[in-house]
Asks: 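Dropping a structure here in structure tokens format, bear with me for questions.
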Protein chains: 2
Amino acid sequence: MGTTQLETVPEPKYWHLKTVLSEALDSEFAVGEILPNERDLAARFGVARATLRQALEQLELEGRLQRRRGVGTTVAPPRVGVAVAPARHSWPGAAGDDWQVLGCDESGSVPAAVARLLETAKGDPVHIVRRSRVTEGRPLAAELLYVPAAVIPSSAEIALLTGPARAYAVLAELGSLELEGQDRTVELGSARAEDAKQLDRLPGAPVLVVTTRYVSGGRTAAVAVSTYRADTCRLTFGESDAVELLAG
Amino acid sequence: MGTTQLETVPEPKYWHLKTVLSEALDSEFAVGEILPNERDLAARFGVARATLRQALEQLELEGRLQRRRGVGTTVAPPRVGVAVAPARHSWPGAAGDDWQVLGCDESGSVPAAVARLLETAKGDPVHIVRRSRVTEGRPLAAELLYVPAAVIPSSAEIALLTGPARAYAVLAELGSLELEGQDRTVELGSARAEDAKQLDRLPGAPVLVVTTRYVSGGRTAAVAVSTYRADTCRLTFGESDAVELLAG
DNA sequence: AAGTGGTCTAGACCACTTG
DNA sequence: AAGTGGTCTAGACCACTTT
């Protein structure tokens, strides 16, 4: 039939652009270096700014670039390896974990998916501990830890405390229970407004959502929803720390 | 100072749109139902199509929608829970794993990051087994398993085989070694052209990249790079299968 | 005030699937 | 052939940071 072109693949411009930029980043730019601004780059490649932005978005998603409004686009450092599953199973807040307590609410709402895991009904009181994970001054993750008041013996007394003091009390009580097991899920999400602020990103930024279920006394005693910056984090699971060391 | 508006937050249109659509999906649409086309939806909400698309993209990223060119936009089913870490540590290809062997190359190139884990030099021969993970006829993940020829005793004989036969031979040899440990990392990526085809997505689609390192004889004996569809998959790690059952 | 990335528009054409 | 989502354009204005 004449024109049997093998692989007639009209590659989208932004895809090709991404490849070109990616190679340029490898060979011609150092980490932290500032790229030309979007209008200049677009002109240089002879495309509309929107098309150029499509390529930049992909590269940012892959952790190659970092863009900040009012500042510019810089070459991102390699992703940070973040240990998610501690070698020894332990409660959140146990000695030596990498989280910083921010506060504690009880009025906050519990997402339906979490309520299902906790087996709590709609109005049941739940302690919500807010925590944050930071490395080298840069925020990595935001967390909400949900603990049904029913599993904490002295919930009534704890309810009198406020802020961090209350959070520490909840964690302390939790630590006194026997931890029978835990399991996790990881999925892609987009940052809610609050998380985004805490993570120094815009709302909607891609995040890795780690949901950890803590089992004690034959029931789900707590659920932690940890929201990691997908652009800067590589989650590590493992028996040894070898991967983290190698990949650094 | 007059206008001290508390929280002057001009919420972007696409963000508000996303919220509205999300609630509509919860209350007015069933899984699998087809939404009006983008031009109609944009007109209905009084925004440009590009703006509407920004909202749809977010919802697709979160696994709420599924869009297919030439077909339309449908309401996506809940994400599938996919077990990533088997209860008992075992080699890939062990009895009862969920992967289907596609073939085996030796000529393929080894990404720098993988070569680093394998501690192989640039020209070293490496078996590359291609596998695929499918559930209910829908592709979940694509995988490339890298095994240095040096760790397989009978690599010379295996090199005479081709396609799946060779892949099976490599897996069999691997299974005869002692597995000393394994660890994993999870990060966000975008689908390469080949993966995209295998996953029935467009190139650049968001994926969860799971890198598994298999240790034997004091060295990294194999590295598997598994690329999961981020829109449809929720990766599960855990001691028990409880989470998977609950979340189904 | 100037410069950056983020949002938004109104159009056009293309690639793909389906009747 | 008709209808869908995917790509691309050339502009405009806004929010934010820095000078």
Side-chain angles (χ1 to χ4, degrees), chain A residues 5 7-19 21 33-61 64-76 190-191 193 196-197 200-206 231, chain B residues 3 5 7-19 21 33-61 65-76 190-191 193 196-197 200-206 231:
Chain A
Q5 298 185 356
E7 295 300 317
T8 308
V9 185
E11 196 176 49
K13 275 190 187 179
Y14 79 89
W15 185 259
H16 179 245
L17 203 51
K18 181 196 138 183
T19 308
L21 284 170
E33 199 168 342
I34 305 178
L35 267 63
N37 72 55
E38 298 185 347
R39 289 159 180 88
D40 285 355
L41 274 179
R44 184 175 311 188
F45 287 104
V47 299
R49 192 178 153 217
T51 304
L52 185 268
R53 277 180 61 82
Q54 226 176 323
L56 294 184
E57 262 150 39
Q58 285 251 356
L59 289 170
E60 191 179 28
L61 196 81
R64 306 287 312 272
L65 293 178
Q66 188 158 358
R67 300 193 286 174
R68 273 177 306 171
R69 169 156 45 180
V71 179
T73 301
T74 57
V75 180
S190 50
K197 198 171 295 180
D200 192 24
R201 301 254 57 200
L202 291 178
D231 56 342
Chain B
T3 64
Q5 301 186 357
E7 295 300 319
T8 307
V9 184
E11 195 175 50
K13 275 190 186 178
Y14 77 90
W15 186 258
H16 180 245
L17 203 50
K18 180 196 140 183
T19 309
L21 284 169
E33 199 167 342
I34 306 177
L35 266 64
N37 71 56
E38 297 184 348
R39 290 161 180 85
D40 285 354
L41 274 179
R44 185 176 310 188
F45 287 104
V47 300
R49 192 179 154 217
T51 305
L52 186 267
R53 277 179 62 80
Q54 226 177 324
L56 294 184
E57 261 150 38
Q58 285 250 358
L59 289 170
E60 192 179 26
L61 196 82
L65 292 179
Q66 188 159 358
R67 300 192 288 174
R68 273 177 306 171
R69 169 154 50 175
V71 179
T73 301
T74 57
V75 180
S190 50
K197 199 171 295 180
D200 192 25
R201 301 251 60 198
L202 292 177
D231 56 342

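Keep in mind the model is a prediction, meaning the values are calculated, not measured.
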Asks: Using purine N1 to pyrimidine N3 plus N6-O4 or O6-N4 for Watson-Crick, or N1-O2 and O6-N3 for G-U wobble, both under 3.5 Å, which nucleotide pairs with C/dC14?
Replies: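 C/dC14 is paired with D/dG5.
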
Asks: In this structure, which one of A/Thr73, A/Leu65, A/Val75, A/Leu35 forms a side-chain contact (heavy atoms from CB on, under 4.5 Å) with A/Leu59?
Replies: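 In the set A/Thr73, A/Leu65, A/Val75, A/Leu35, the residue that makes a side-chain contact (heavy atoms from CB on, under 4.5 Å) with A/Leu59 is A/Leu65.
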
Asks: Measure CG/A/Leu52 against P/D/dG11 and give the value in whole Å, please.
Replies: 16 Å

Asks: From CD1 of A/Ile34 over to P of C/dT4, roughly how many Å is that when rounded to an integer?
Replies: 10 Å

Asks: Would you mind telling me which residue lines up with the more 5' stretch of DNA chain C, B/Arg39 or A/Glu38, judged by nearest nucleotide?
Replies: A/Glu38

Asks: Do A/Glu57 and A/Arg67 come within less than 4.5 Å of each other through their side chains, counting heavy atoms only?
Replies: yes

Asks: Let me know the distance between CG of B/Asp40 and P of D/dT4, rounded to the nearest Å.
Replies: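 In whole Å, D/dT4 P and B/Asp40 CG are 7 Å from each other.
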
Asks: Mind checking if A/Leu202 touches a base, just sugar-phosphate, or nothing, with heavy atoms under 4.0 Å?
Replies: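 The answer is sugar-phosphate, as A/Leu202 gets under 4.0 Å only of primed atoms, P, OP1 or OP2.
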
Asks: Under 4.0 Å from OP1 or OP2 of C/dT9: is there any side-chain N or O of B/Thr51 that close?
Replies: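 Checking C/dT9 against B/Thr51, a side-chain N or O does come within under 4.0 Å of OP1 or OP2.
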
Asks: How many whole angstroms separate atom CG of B/Leu17 from atom C1' of C/dT9?
Replies: 14 Å

Asks: Once you round it to whole Å, what is the distance between P of D/dA10 and CZ of A/Phe45?
Replies: 17 Å

Asks: When only distance counts, do a donor and an acceptor, one from the side chain of A/Arg49 and one from the base of C/dG6, lie under 3.5 Å apart?
Replies: yes

Asks: Go nucleotide by nucleotide along DNA chain D from the 5' end; which of B/Thr73 and A/Gly70 gets its closest nucleotide reached first?
Replies: B/Thr73

Asks: Check the pair A/Arg64 / A/Leu21 against side-chain contact (heavy atoms from CB on, under 4.5 Å), numbers first and verdict last.
Replies: CA-CA 10 Å; A/Arg64 306 287 312 272; A/Leu21 284 170; over 6 Å; no

Asks: Using atom NZ of B/Lys13 as one end and atom P of D/dA15 as the other, report the distance to the nearest whole Å.
Replies: 13 Å

Asks: State whether B/Arg67 places a side-chain N or O below 4.0 Å from either non-bridging phosphate oxygen (OP1 or OP2) of D/dT4.
Replies: no

Asks: So, OP1 or OP2 of D/dC8: does either fall under 4.0 Å of a side-chain N or O from A/Tyr14?
Replies: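 No, outside the criterion.
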
Asks: Any heavy-atom pair between the side chains of A/Ser190 and B/Lys18 that's under 4.5 Å?
Replies: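 Yes. Closest side-chain heavy atoms under 4.5 Å.
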
Asks: Which residue lies toward the 5' end of DNA chain D, B/Gly72 or B/Pro203, if each is placed at its nearest nucleotide?
Replies: B/Gly72

Asks: For C/dG3 and A/Asn37 - does any side-chain N or O of the residue sit under 4.0 Å from the phosphate oxygens OP1/OP2?
Replies: no

Asks: Tell me the closest heavy-atom pair linking A/Arg44 and A/Pro36, and the distance in Å.
Replies: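 Shortest heavy-atom contact: NH2-CG, 3.9 Å.
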
Asks: Which nucleotide sits closest to the side chain of A/Arg69: D/dA15, D/dT7, C/dT9?
Replies: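 The closest nucleotide is D/dA15.
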
Asks: For A/Gln54 and C/dG5, what is the distance between atoms CD and C1' respectively, to the nearest whole Å?
Replies: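 So the CD-C1' distance, A/Gln54 to C/dG5, works out to 16 Å.
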
Asks: Quickly work out the A/Arg53 CZ to C/dC8 P distance and round it to whole Å.
Replies: 12 Å

